[in-house]
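Data first, discussion second: the structure below is written as structure tokens.
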Amino acid sequence: MAKLYIMTVVAANRTGILAALANALDELGGNMLDVSQAVIQKFFAMMMAAEFPEDQDPEVIIDHIRAVCRAFGAEVTLRDPSTEMGFDGETEPTPKERYVLTLSGPDRPGILRFLAHRLAQDGIDLVDLQGRLQESTQCFITAMELSVPPGIDALQLCEELRHEFRSDGITVSLQHRRVIAALAHPEPVGFNTAGP
Amino acid sequence: MNQRTGFFSALQQLRQLPLDVRTVTLGINISDCADRNFHKLCDGIYQRIVSKAGRMNAVCTEVASLMGVPVLQRRLCVTPIDRVAQGFHTADFINIAKTLDGAAANVHAERIGGYAADVQHGMTHSAKQLIASLPEALSQTERLRAAVHVGSTENGVNMEAITLVANTLIKAAEASSHRNGDATAKLAVLANDSTGHPHLTGACLGDGWGDLVVHVGVGAAAIIRYALEQRLLEHPNSTLDELASVIQTAVFQATRTAELVGREIADRLGADFGSIDVTLAPTHRPGDSVVDLLPLLGIERVGAPGTATALTMILSAMRAGSAFASCAAGAYSRIMLSVLEDESLAEATQSGTLTFDQLCLAANAGTNGLDLICLPGDTDVATLSAIISDQVSVAVLNHRPAAVRLILVPGKQAGEMVSYSGMKNSTVILPVRGSGLSSQFIQRGGRLPPTR
């Protein structure tokens, strides 16, 4: 039997960090199920869902990864989802539509705060977020993937956000994931855009 | 950190693209509504339209909201009425026109086409009655659009039908003289429309389609303008082939979006997905005109030498982009110089930089005939017929569809301004050079033989 853990690793971003991490996992009999990785400034960050043998002690997992990745100053956290509190217990989530929201323009404080509050009002989940500040122009562009419950009018939401940010010179666009797929891939529409 | 990743670069290109669907046209087969009993016929047509298109408006709104892509116009088209209403008289046809208009109003469609007759060889009794009903039918309805198909490459041109339509235009102008002859704007003379071009004004559900079919139209001017502006901002000295590539890409994106939206609407209505029309017809947005693309390419104003070359380049790139985007696109791509609907064109005609002759010439450079051009109310039948036959014969020779919509303005002369309810622009009435000099030619009648 395998046991599922949620693990984060933050380390110095140098060549070999991923190889070291993969070695450590292999030696522990671990298996990655879902993973997301980012490099921000000079740091490597990875979050993953991984299975380990049931009899593997969590302290041993953490210590072994730290030891193998010592050269990179890795910090490791491990959480057991079966014992975590704070989830809503939703077992069969309502089907939701996926959109990509992009904002770009002059950097100013409070944009993310306003957005997060506004999206939460409509029960919209922010499932992915990436952003960049262009140092030469002090302009930022941020893109976020949204999981939107049924009944939300995307045109209206986009118009509302445009209106909110217009005076700051920030441009907003909200596009359905299927529209982006249709524009990004040369296959016939329907081949790659059939499902939400 | 200020180096963009591919992901962000792609998003940078996608954001702010002015994507929309200009028209959604639902084609409805009403062939089996034909009945010798007039009331049963009208009732059958009305019920069929309401039952099939009743959800169209709501579905278009739902899909527009879901996809975040506005749908600007919702239209209907039905089987040609001259086939469905055989054996009836002029007064009956007027009532059928009102039935179609009422059904379109019921389902909140902005236009309904199909009040049409095919007379490329000769005229059936019902085609004659339909054409005779046009002045009253068009002046007493709001949403109805009519069409008369007068010629094709395979069958030649019916010149007598053209003269009859020209006469009808004059009568329609008189019947709506209190509204500056607006009924004439609702009548299109078509060529090479044997299969029912679903995107031409007044066009019907032609042969070869199913019982219920969704066609979508894309107004590509805005997205092309945006793409050209972005390109020229970064590369102001781009060559024409580079700009053609930019146009292709922009049209590809517009076409893909339209297909996605169209297929979703078709699915929800239980209809087939038909075709995509990529056009440079104007929309309600300012600057959404082919005329506004020309300065970006280096033609300072429409009508200057080089206009035809630029239009040809745009059309060619549009066709390439739309054909690659979708199997359902490409065949109908065209440029529409709809003077009355296009603010920039209206200004150009008003300032004299764009003349009637230049508009006729543009028809040879990829435009789709003459569209919504205002002519003096005293233009004679022979001159009108000759203007129409010039456009039709060129289209027939070049194996391409054409539509001619001329507006006769009763009581007004060339150079006077005219405006219409529901149209955002005023426009000037254009003079026709050589008016009255073609009478003998037109009076000969008969038919132009097919193009070999």
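In what follows, every chain begins at residue 1, and chains take the letters A, B, ... in the order their sequences are listed. Since we're looking at a predicted model, the values are computed, not measured.
- A 6.0 Å sphere centred on CZ of A:Phe165 holds more than 12 heavy atoms belonging to other residues, nucleotides or ligands.
- When the salt bridge (Lys or Arg N to Asp or Glu O under 4.0 Å) test is applied to A:Glu160, the partners found at least two apart in sequence or on another chain are A:Arg118.
- Around atom CD of A:Gln156, no more than 12 heavy atoms belonging to other residues, nucleotides or ligands sit under 6.0 Å away.
- One finds the NE2 atom of A:His176 at 8.0 Å from the CD atom of B:Glu264 (value rounded to the nearest 0.5 Å).
- Atom CE of A:Met48 has more than 12 heavy atoms from other residues, nucleotides or ligands within 6.0 Å.
- Looking at B:Arg256, its side chain never comes within 3.5 Å of a backbone N or O of A:Leu183 through a donor-acceptor pair.
- B:Leu19 and A:Val179 get closest at one heavy-atom pair: CD1-CG1, 4.2 Å.
- Checked against salt bridge (Lys or Arg N to Asp or Glu O under 4.0 Å), A:Arg79 has the following partners two or more places apart in sequence or in another chain: A:Glu84.
- For the pair A:Ala154 and B:Leu66, the tightest heavy-atom approach, listed with the atom from each and the gap, is CB-O, 4.1 Å.
- In this structure, CD in A:Glu97 is found 7.0 Å from CE in B:Met67, a value given to the nearest 0.5 Å.
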